[in-house]
Amino acid sequence: MRLRLLFCSALLSLLYGCSSLPDGPERRVDLPEQLQALQQVNKWKIQGKMALRANEQAISATLVWRNSPEAFHFRLTNLLGITLINMRYADDVASLEADGETYTHADPQALIKQTTGWDLPVNQLLNWVKGLPGATDNYTLNNKDLLATLVPGDCTGCGNWEVSYANYGLVGETWLPHSLLLTDIKQPNTFIKFRIDRWTLL
């Protein structure tokens with residue numbers, strides 16, 4: 001089954017049109033120290049917006065994403081507060097609720113592809129969303145020595161995604177991105193935007 005993308009592309013412009021986001025540090029950060037700190041950020045919750053576009057089809061939704069080393073919970077709701085996707089992973093089983101149906105799979109990446117058609121490297125995304133590159137990932141830095149772009153290196157199932165970062169904010173003692181854009185390099189009209197209004201470290 002393929003989930004239908006529910007909103008027109010015009011709604012994408014609403015994603016970044018609300019409250020302001022942080023501007024990042026005034027001075028350059030210590031990159032090795034920053035990356036070490038990010039490795040310790042493994043229990044978190046993010047709240048914000050997410051937009052997906054594949055050619056002429058698009059969806060814009062409110063996002064709540066909670067993660068721990070053992071499990072995660074990912075939920076998208078529309079402007080009316082109706083749940084579009086509710087996904088959980090725990091005890092080595094992923095479950096996804098959508099369109100009144102529940103689907104399960106041992107592999108969350110395979111489950112997402114099976115139900116939505118999107119090939120997302122879930123395990124890597126849990127680090128990418130923090131601005132933490134993998135050992136083989138290629139990345140560039142902004143003028144404050146924080147990640148500006150990331151391209152997966154030797155990564156099975158990572159597809160053709162490129163990640164762009166902006167609007168870093170200090171959460172506790174760690175700089176975390178509040179804007180991310182994942183673009184399919186081979187299909188530029190296919191992308192995912194995250195606007196993170198709030199990071200909570202648990």
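Each residue takes its place number in the sequence, starting with 1. Given the structure is predicted, the values throughout are model-derived calculations rather than measurements.
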Asks: Rounded to the nearest 0.5 Å, how far does CG of D197 lie from CD1 of I46?
Replies: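 Going from the CD1 atom of I46 to the CG atom of D197 covers 10.5 Å.
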Asks: When you check the side-chain N and O atoms of Q39 and N127, is any donor under 3.5 Å from an acceptor?
Replies: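 Absent: no donor and acceptor within the cut-off.
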Asks: Can you tell me which residue pairs pass the ring pair (Phe, Tyr, Trp, His ring centres under 6.0 Å) test with a partner in residues 122-157, sequence neighbours excluded?
Replies: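 Residue pairs with at least one partner in residues 122-157: there are none.
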Asks: So, do L141 and L146 sit near enough that their side-chain heavy atoms are less than 4.5 Å apart?
Replies: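 No, every pair of side-chain atoms sits at 4.5 Å or beyond.
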Asks: Do side-chain atoms of D99 reach the backbone of E101 as a donor and acceptor pair under 3.5 angstrom?
Replies: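 No; judged by distance alone, with no hydrogens or angles, the pair does not exist.
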Asks: Centroid separation under 6.0 Å, is that true for the rings of F74 and W65?
Replies: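 Ring centroids of W65 and F74 are less than 6.0 Å from each other.
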Asks: Under the rule for side-chain hydrogen bond (donor to acceptor under 3.5 Å, both in side chains), what residues qualify as partners of T62, not counting sequence neighbours?
Replies: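 Counting only residues at least two positions away or on another chain, T62 forms a side-chain hydrogen bond (donor to acceptor under 3.5 Å, both in side chains) with K49.
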Asks: Given side chain to side chain contact (heavy atoms under 4.5 Å, CB included), test T83 with L76 step by step and report yes or no.
Replies: CA-CA 6 Å; T83 297; L76 294 178; over 6 Å; no
Asks: Got a donor-acceptor contact below 3.5 angstrom from the T183 side chain to the I185 backbone?
Replies: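 Absent.
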Asks: Between Y89 and P108, what is the shortest heavy-atom contact and its length?
Replies: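 Here Y89 and P108 meet closest at CE1-CD, 3.9 Å.
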Asks: State the OH-CD distance between Y103 and E97, to the nearest 0.5 angstrom.
Replies: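 Reported value, rounded in 0.5 Å steps: 11.0 Å.
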Asks: Not counting sequence neighbours, list each pair that qualifies as a disulfide (SG to SG under 2.5 Å) and has a residue in residues 71-121.
Replies: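 Listed once each, the pairs would be none.
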Asks: May I have all residue pairs that pass side chain to side chain donor-acceptor pair (under 3.5 Å) and include part of residues 21-38, sequence neighbours excluded?
Replies: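 Pairs touching residues 21-38 that pass the test: R28-D145.
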Asks: Would you confirm whether D137, through its side chain, and G153, through its main-chain N or O, come within 3.5 Å as a donor-acceptor pair?
Replies: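 Between the backbone of G153 and the side chain of D137 there is a qualifying donor-acceptor contact (under 3.5 Å).
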Asks: Establish whether L201 and L63 are linked, either directly or via other cluster members, by ILVMFWY side-chain heavy-atom contacts under 4.5 Å.
Replies: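 Looking at the clustering, L63 is in the same group as L201.
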Asks: So, do L125 and W161 sit near enough that their side-chain heavy atoms are less than 4.5 Å apart?
Replies: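 Answer no - side chains too far apart.
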Asks: Give every residue pair that meets the disulfide (SG to SG under 2.5 Å) criterion with at least one member in residues 107-191, sequence neighbours excluded.
Replies: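 Disulfide (SG to SG under 2.5 Å) check on residues 107-191 returns C155-C158.
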Asks: Just grab all the disulfide (SG to SG under 2.5 Å) pairs involving residues 90-137, residues at least two apart or on different chains.
Replies: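 Of all non-adjacent pairs touching residues 90-137, none passes disulfide (SG to SG under 2.5 Å).
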Asks: Does the side chain of P152 reach to within under 4.5 Å of the side chain of Q124, using non-hydrogen atoms?
Replies: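 The answer is no, as the side chains (C-beta and beyond) never meet within the 4.5 Å cut-off.
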Asks: Are V64 and W44 connected into the same hydrophobic cluster when the rule is that any two of I, L, V, M, F, W, Y join if their side-chain heavy atoms are below 4.5 Å apart?
Replies: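 Looking at the clustering, V64 is in a separate group from W44.
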Asks: Residues two or more places apart in sequence or in another chain: which of them pass side chain to side chain contact (heavy atoms under 4.5 Å, CB included) with A166?
Replies: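 Here the qualifying residues are S179.
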Asks: Measure the CG-CD distance between L120 and Q109 for me, rounded to the nearest 0.5 Å.
Replies: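 Between L120 CG and Q109 CD, I get 7.5 Å after rounding to 0.5 Å.
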Asks: Can you give me the closest heavy-atom contact between M50 and F194, atom names plus distance?
Replies: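 Nearest heavy atoms, M50 then F194: SD-CE2, 3.7 Å.
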Asks: Which residue is it: N67, L180, L176, V163? I am looking for the one with a side-chain contact (heavy atoms from CB on, under 4.5 Å) to V129.
Replies: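 Filter result, single survivor: L180.
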Asks: Hey, quick one: are F72 and L182 part of the same hydrophobic cluster, counting side-chain heavy atoms closer than 4.5 Å, chains of contacts allowed?
Replies: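 Shared cluster, yes.
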Asks: Mark yes or no for whether D91, through its side chain, and V93, through its backbone, hold a donor-acceptor pair below 3.5 Å.
Replies: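 No, D91 side chain to V93 backbone: no donor-acceptor pair under 3.5 Å.
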Asks: Using the rule given for side chain to side chain contact (heavy atoms under 4.5 Å, CB included), can you reason through I112 versus V122, listing the C-alpha separation, both sets of side-chain angles and the distance that settles it, and then say yes or no?
Replies: CA-CA 9 Å; I112 292 173; V122 175; 3.7 Å; yes
Asks: Would you name the heavy atoms of L35 and G131 that are closest together and state the gap between them?
Replies: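 Closest approach of L35 to G131, heavy atoms only: CD2-O, 4.4 Å.
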Asks: Taking atom CG of N167 and atom CG of L21, what is their separation to the nearest 0.5 Å?
Replies: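 Going from CG on N167 over to CG on L21, the span is 4.5 Å.
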Asks: For the pair H105 (side chain) and A94 (backbone), establish whether a donor and an acceptor sit closer than 3.5 Å, ignoring hydrogens and angles.
Replies: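 Flag not set: sc H105 to bb A94 has no pair under 3.5 Å.
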Asks: Distance check, rounded to the nearest 0.5 Å: Q40 atom CD versus K130 atom NZ?
Replies: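 Q40 atom CD to K130 atom NZ measures 9.0 Å (nearest 0.5 Å).
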Asks: Which residues end up grouped with I82 if you chain together Ile, Leu, Val, Met, Phe, Trp and Tyr wherever their side-chain heavy atoms are less than 4.5 Å apart?
Replies: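 Listed partners: L80.
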Asks: Give me the atom names and distance for the closest heavy-atom approach of S20 to R195.
Replies: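 Taking S20 first and R195 second, the nearest heavy atoms are N-NH2, 4.1 Å.
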Asks: Could you walk me through whether L132 and L147 pass the side chain to side chain contact (heavy atoms under 4.5 Å, CB included) check?
Replies: CA-CA 8 Å; L132 178 63; L147 257 67; over 6 Å; no
Asks: To check you understand the geometry: which heavy-atom pair defines the closest contact between A98 and L84, and what is its length?
Replies: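 Smallest interatomic distance, heavy atoms only, reads CB-O, 3.5 Å.
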Asks: The criterion is side chain to side chain contact (heavy atoms under 4.5 Å, CB included); which residues satisfy it with T200, sequence neighbours excluded?
Replies: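 Counting only residues at least two positions away or on another chain, T200 forms a side chain to side chain contact (heavy atoms under 4.5 Å, CB included) with K45, Q47, R198, L202.
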Asks: I need the Q114 CD to D119 CG distance, nearest 0.5 Å.
Replies: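 Here the rounded value is 13.0 Å.
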Asks: Using side chain to side chain contact (heavy atoms under 4.5 Å, CB included) as the criterion, list what pairs up with R88, not counting sequence neighbours.
Replies: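 By the side chain to side chain contact (heavy atoms under 4.5 Å, CB included) rule, R88 matches H73, N86, S95.
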Asks: Applying side chain to side chain contact (heavy atoms under 4.5 Å, CB included), name anything that partners S164, two or more places apart in sequence or on another chain.
Replies: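 Counting only residues at least two positions away or on another chain, S164 forms a side chain to side chain contact (heavy atoms under 4.5 Å, CB included) with T149, L181.
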Asks: Using side-chain heavy atoms (C-beta onward) and a distance below 4.5 Å, is L111 in contact with T104?
Replies: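 Counting from C-beta outward, L111 and T104 never come under 4.5 Å.
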Asks: Heavy atoms, side chains only, cut-off 4.5 Å: are F191 and L52 in contact?
Replies: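 Answer no - side chains too far apart.
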Asks: Once disulfide (SG to SG under 2.5 Å) is applied, what residue pairs with a partner in residues 163-202 remain, sequence neighbours excluded?
Replies: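 Listed by first then second residue: nothing to list.
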Asks: Using the side chain to side chain contact (heavy atoms under 4.5 Å, CB included) rule, take I85 and L96 through it: C-alpha gap first, then chi angles, then the decisive distance, then the call.
Replies: CA-CA 7 Å; I85 294 177; L96 188 150; 4.1 Å; yes
Asks: What's the shortest heavy-atom distance between P177 and I196, and which atoms?
Replies: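 Shortest heavy-atom contact: O-CD1, 3.6 Å.
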